[in-house]
Amino acid sequence: MDEQPRLMHSHGVGMAGHPGLAQHMQDGTAGTDGEGRKQDIGDILQQIMTITDQSLDEAQARKHALNCHRMKPALFNVLCEIKEKTVLSIRGAQEEEPPDPQLMRLDNMLLAEGVAGPEKGGGSAAAAAAAAATGGIGADNSAEHSDYRAKLSQIRQIYHTELEKYEQACNEFTTHVMNLLREQSRTRPISPKEIERMVSIIHRKFSSIQMQLKQSTCEAVMILRSRFLDARRKRRNFNKQATEILNEYFYSHLSNPYPSEEAKEELAKKCSITVSQVSNWFGNKRIRYKKNIGKFQEEANMYAARTAVSATSVSAHGSQANSPSTPNSAGGYPSPCYQPDRRIQ
DNA sequence: AATAATGATTGCGC
DNA sequence: GCGCAATCATTATT
């Protein structure tokens, strides 16, 4: 019920009644009465308000005069405090900045890829060594790898120069703004705290720009990786002998062209390719054979004839064992017209 | 330069 | 995990 008066009292923040000002004025204006002080302040404020109407030289002189005025520090502090209470307190609350998880992720990735970290020694020698250490396959691989390294270091260089540019621009801008604010704080209530806040705002802005750089660098690295890691891009056909061996197996097991794990391993060893390459080959072969048997007719006949010949020659030498483990008849895949029958004769 | 062949990858169902 | 089918990207051929 009777809270109204108290509320109204607490809201009454006027300039004349400001405790800080009163305190400052006590030692500044010894001997004058209240009317005089008010007159003084009104005078100063009037001068400040009209300063823009004057010519440049005049304004400069007036600014200097005001700056040297004995009331200046007091007024300045009061204005700063009022400003702090009215404007900045609104934004002051949301001041804390937790480390952005996304930024951390980007940083970690760049570090892991060797883009952000310290410069790793020199050029092609180190790259080749690294390639040899990781690859172990041979010259082909190391050539690819050094190419990869070269491109990566290119990205790295761009990243660093850009980052440095941003850093420099940020510093330049910050000092510029700080100087400006310091300069303006001679005529405008700008507290050091406010300048500090402004600097942190600038830093935040620039770090968000840096994050964009990091983001795009990450993307570039990912694209580079996918380019070089995708085996489709460095595909080499198998040599003649390898395809020969694979085809031989395929056509002699046409009824069931699914080599077991062991068979795949053996084929891989014989062709000096990996087991998964063997699997890929058989996968491709099966589907392509099935899709267009006619096209493979000739090939099928050729290999069938060849195995038939080798089988007969083997059996002619005495051993009666059937060479392929699975006979070639009933099954999923249609056979070509010429069906090699090793039981022939 | 077009086109075919070929090894590798991806998405889906089992 | 495997195989199939579709597809990609490169290499060989015309």
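The sequence lines fix the lettering, A, B, ..., with proteins before strands; numbering per chain opens at 1.
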Is any side-chain heavy atom of [Y] closer than 4.5 Å to one of [X]?
{"X": "A/Met302", "Y": "A/Asn247", "result": "no"}
{"X": "A/Glu265", "Y": "A/Val278", "result": "no"}
{"X": "A/Gln168", "Y": "A/Lys165", "result": "no"}

How long is the line joining [atom1] of [X] and [atom2] of [N], in whole Å?
{"X": "A/Ile287", "N": "C/dC4", "atom1": "CD1", "atom2": "P", "result": "7 Å"}
{"X": "A/Arg235", "N": "C/dT7", "atom1": "CZ", "atom2": "P", "result": "18 Å"}
{"X": "A/Trp281", "N": "C/dC2", "atom1": "CH2", "atom2": "C1'", "result": "18 Å"}
{"X": "A/Asn280", "N": "C/dC4", "atom1": "CG", "atom2": "P", "result": "13 Å"}

For the side chain of A/Ser153 and the backbone of A/Arg156, is there at least one donor-acceptor N/O pair under 3.5 Å apart?
no

Is the distance between the ring centroids of A/Tyr303 and A/Phe250 under 6.0 Å?
no

Along DNA chain B, 5' to 3', what are the outermost nucleotides having an atom less than 4.0 Å from a heavy atom of chain A?
B/dA5 to B/dT9

What pair of heavy atoms forms the shortest contact from A/Arg286 to A/Pro259, and how long is it?
NH1-CD, 4.4 Å

Indicate, with a heavy-atom threshold strictly under 4.0 Å, whether A/Phe238 touches base, sugar-phosphate, or nothing.
sugar-phosphate

Taking any heavy-atom pair under 4.0 Å as a contact, classify A/Asn284: base, sugar-phosphate, or nothing.
base

Which of A/Tyr249, A/Tyr289, A/Tyr251 passes ring pair (Phe, Tyr, Trp, His ring centres under 6.0 Å) with A/Phe282? It is A/Tyr249

Among C/dC4, C/dT10, C/dT7, which nucleotide has an atom closest to any side-chain atom of A/Arg288?
C/dT7

Do the side chains of A/Lys285 and A/Glu299 get close enough for a salt bridge, i.e. N-O under 4.0 angstrom?
yes

Want to settle it: does A/Asn237 or A/Lys264 sit nearer the 5' end of DNA chain C, counting the closest nucleotide to each?
A/Lys264

Could you identify which residues of residues 267-278 of chain A place a heavy atom less than 4.0 Å from some atom of DNA chain B, listed by residue number, or say none?
A/Gln277

Side-chain N or O of A/Lys290 less than 4.0 angstrom from OP1 or OP2 on C/dA5?
yes

Give the cluster check for A/Leu106 versus A/Tyr159: same hydrophobic cluster or not, with ILVMFWY residues linked at side-chain heavy-atom distances below 4.5 Å.
no

